[in-house]
Amino acid sequence: MKIIELEKHFGQFSLKVGGLYIEPGGIFGLIGPNGSGKSTFMKIMAGIMEPDNGKIDYEGLNYRDMTMVSRKPYFLHDTVYNNLIYPLRLRKIKPAPDLVDYFLSLAGLKQRQYAPSLSSGEQQKLALARAMIFSPKLIFIDEAFSNLDMESVSVFERVILERQKIAPATWVIISHQLSHIERLCAHAGFMYGGRLEAVGTIKEIFQNPENPLLKKYLQYMSF
Amino acid sequence: MVQPTYSEVLGIIGTTLTMALLSTAISSVLGTIFGLALERARFPGKALIVRINRTLMGVPPVVIGLLVYMVFMRRGPFGFLDLLFTIRAMVIAQVLIITPIICGMVYSAADRSAGRIRGFGRTMGASRLQSQILLIRELGNEIYFAAVTGFGRAISEVGAVMVVGGNIRYKTRIMTTAITVLRNTGDYSQAVLLGGVLLIIAFLIQASADFIRRKGARADENY
């Protein structure tokens, strides 16, 4: 996926990303302080928000090949089952019972539970399961692990890495848990004040940061 | 007024229900389409249109009745249709009264949550048509409540239907206009009795609609 000269303006805030290439099949982490423009950037990449300028080359993929999970995901006023299989239903794919059972057990939920009244942690697990069930090629995750306990985070990390072997997808993950980015991602970018200040391998970002803002951010986050 | 016979009361109830249900059904479709279209549309003067609709939500029914009367009276522009003093003219007047109410309620609900629902649809890979279906489905509660409000208005209306329907015995007399006639003739006990029947009918119809709607809609609630 190629991002070219992207711009978005909201009053005082402006997002400007000159260029970024995310390797197909890779897991890319996006870090930065609150208000740095990560979520806006992700919404534009996921096609939910239109940029004022610039473009994104999805290299042949379209909106049906991608999905996004936000920190507060939306759920149909319906059961866990109907929420889980919703992306399959949109694509007229008959849900395989084994696949449904696998994702239900992964999320630790029952089919007939009412999705909108699940706890926030359960909702995040359901949203992650729903995002993976139709094997999209591009998956955007915006702090979707923030309400999960350590055990669930570890389970989902393992599942993501396992599924990368079965159905490789390009992932872009925003997280304030830097250890999580370090474990999952091969590359990462650091955003500050609406700009993509640094991009590199995980080693370059976390062990040998050259950008002074990134250095300061990592020092702050290590406390 | 001569006391209405049992068969006449049944006829009045039938006319009342025909008019109220038909006008609610037509207004629900129109109000939902206009409400969703208004939310979706972006044009200069939209705020003015919203304000005009809000004004129409509170317009005195007798004014609408008068306008419909002038349009369909013999010398009026549509006098040749010969609709005055028929149930169809009463339905037209009711639709003009109820549609802005349903439109306003659907617009308010859509304005609050349509962006989020459409964004969700997009992240799930929904097409434009699928997103619209999703929106209507997810706003189901609000649309239903708007329709119920419209029905309440239709079944209790007296001013407009009196003007355009003429309160003709065995033809366009409905429960509210019959109550007015009974009051004018000093037959208060019959008027109160008919009022009670009107309330019971309204209650039974709304309870049945609630029952049909809720049946199977929700699975287990989670506590």
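Protein chains get the first letters and strands the later ones, always in sequence-line order, with residue 1 at the start of each.
- Taking a cutoff of 4.0 Å between a charged side-chain nitrogen and a carboxylate oxygen, B/R118 and B/E39 qualify as a salt bridge.
- Contacts of A/P136 with chain B are absent, with no heavy-atom separation under 4.5 Å from either backbone or side chain.
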(request) Show the numbers, then the answer: is there a side chain to side chain contact (heavy atoms under 4.5 Å, CB included) between A/I56 and A/I4? (result) CA-CA 6 Å; A/I56 300 171; A/I4 306 153; over 6 Å; no
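- Ring centroid separation for the pair A/F75 and A/Y86 does not come in under the 6.0 Å cut-off.
- Both the backbone and the side chain of A/M68 come within contact range of chain B, each with at least one heavy atom under 4.5 Å from a heavy atom of that chain.
- Residue contact with chain A, scored on non-hydrogen atoms closer than 4.5 Å, involves the side chain of B/R137 exclusively.
- Contacts with chain A were tallied for B/A126, B/G140, B/G119; B/A126 has the most, counting heavy-atom pairs under 4.5 Å.
- When each of B/T16, B/N167, B/T172 is tested with B/T177 by the rule side-chain hydrogen bond (donor to acceptor under 3.5 Å, both in side chains), just one qualifies, namely B/N167.
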